[in-house]
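Reading through the structure tokens given below for one structure.
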Amino acid sequence: MKLTQGCFSFLPDLTDDQIFKQVQYCLGNGWAVNIEFTDDPHPRNTYWEMWGLPMFDLQDAAGVMMELAECRRVYGNKYIRISGFDSSHGWESVRISFLVNRPPHEAEFELVRQEVGGRAIRYTTVRRPAAHAST
């Protein structure tokens, strides 16, 4: 199951050239760029591990791509994403975030429905083991 999280998630995975162009777009807008990784891509897990510090004041995406290559070398079996943070007044938020690396066997999630009092229904997202994880 292909995890759909962030921008471009319903498109084929981005190539390094496409990633470079997206990072350059972020830098051109004056956004700080950061790289994060995790082995828990649950939709409510907003606390991914940061690879180094956010990269402020960069002019060229090549620096981010060097850091991404090193992060992939160390954590190539995890999810890795790049985010662009806009610190301008009124935004002060992540403006773009997209996956740039996936593990060989992705996590799978199941939506579980539970009927509770008053005919209400609760939904829970449960992580299932990845298919072929033992191979």
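These numbers come from a predicted model, not from an experiment. Positions are given from 1 along the sequence.
Atom CG of D40 is separated from atom CH2 of W48 by 9.0 Å, given to the nearest 0.5 angstrom. With rounding to the nearest 0.5 angstrom, the SG atom of C26 is 10.0 Å from the CZ atom of R95. Here C71 contributes atom SG and M65 contributes atom CE; the two are 12.0 Å apart, rounded to the nearest 0.5 Å. Distance CD/E115 to CZ/R122: 12.0 Å, rounded to 0.5 Å.
Between the side chains of D86 and S88, a donor-acceptor pair is found at a separation under 3.5 Å. No hydrogens or angles considered: a donor-acceptor pair under 3.5 Å links the side chains of W51 and E67.
Between F20 and D60 the shortest side-chain heavy-atom distance falls below 4.5 Å. Side-chain contact between S97 and R81 is present, with at least one heavy-atom pair separated by less than 4.5 Å. Using a 4.5 Å heavy-atom cutoff, the side chains of P103 and Y79 are in contact. When side chains are defined from C-beta on, R102 does not count as touching I80, because their heavy atoms never get closer than 4.5 Å.
With hydrophobic clusters built from ILVMFWY side chains whose heavy atoms lie under 4.5 angstrom apart, L99 does not share a cluster with I96. Both V74 and I19 are members of a single hydrophobic cluster when ILVMFWY side chains are connected at heavy-atom separations under 4.5 Å. Hydrophobic clustering (side-chain heavy atoms under 4.5 Å, transitive across Ile, Leu, Val, Met, Phe, Trp, Tyr) keeps L58 apart from F85. Residues V23 and M55 share a single hydrophobic cluster, defined by chaining ILVMFWY side chains whose heavy atoms lie under 4.5 Å apart.
Minimum interatomic distance between L68 and I35 (heavy atoms only, all atoms of both residues): N-CD1, 3.5 Å. Across Q24 and Q59, no two heavy atoms sit closer than the pair NE2-O, 3.0 Å. When all heavy atoms of P104 and N77 are compared, the pair lying nearest together is CD-CA, 4.3 Å. The shortest heavy-atom contact between E36 and S83 is OE1-OG, 3.6 Å. Smallest separation of non-hydrogen atoms from Q18 and L14: OE1-CA, 3.3 Å. Considering every non-hydrogen atom in both F98 and F8, the closest pair reads CB-CD1, 3.7 Å.
For CG of L53, the number of neighbouring non-hydrogen atoms (other residues, nucleotides, ligands) closer than 6.0 Å is 12 at most.
Remark: aromatic rings of W31 and Y25 are close, center separation under 6.0 Å.
Residues R72 and D16 are paired through a salt bridge, judged by an N-O separation under 4.0 Å between the basic side chain and the carboxylate.
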Dump the intermediate steps for side chain to side chain contact (heavy atoms under 4.5 Å, CB included) on Q22 and I82, then the final yes or no. CA-CA 10 Å; Q22 291 302 320; I82 289 181; over 6 Å; no
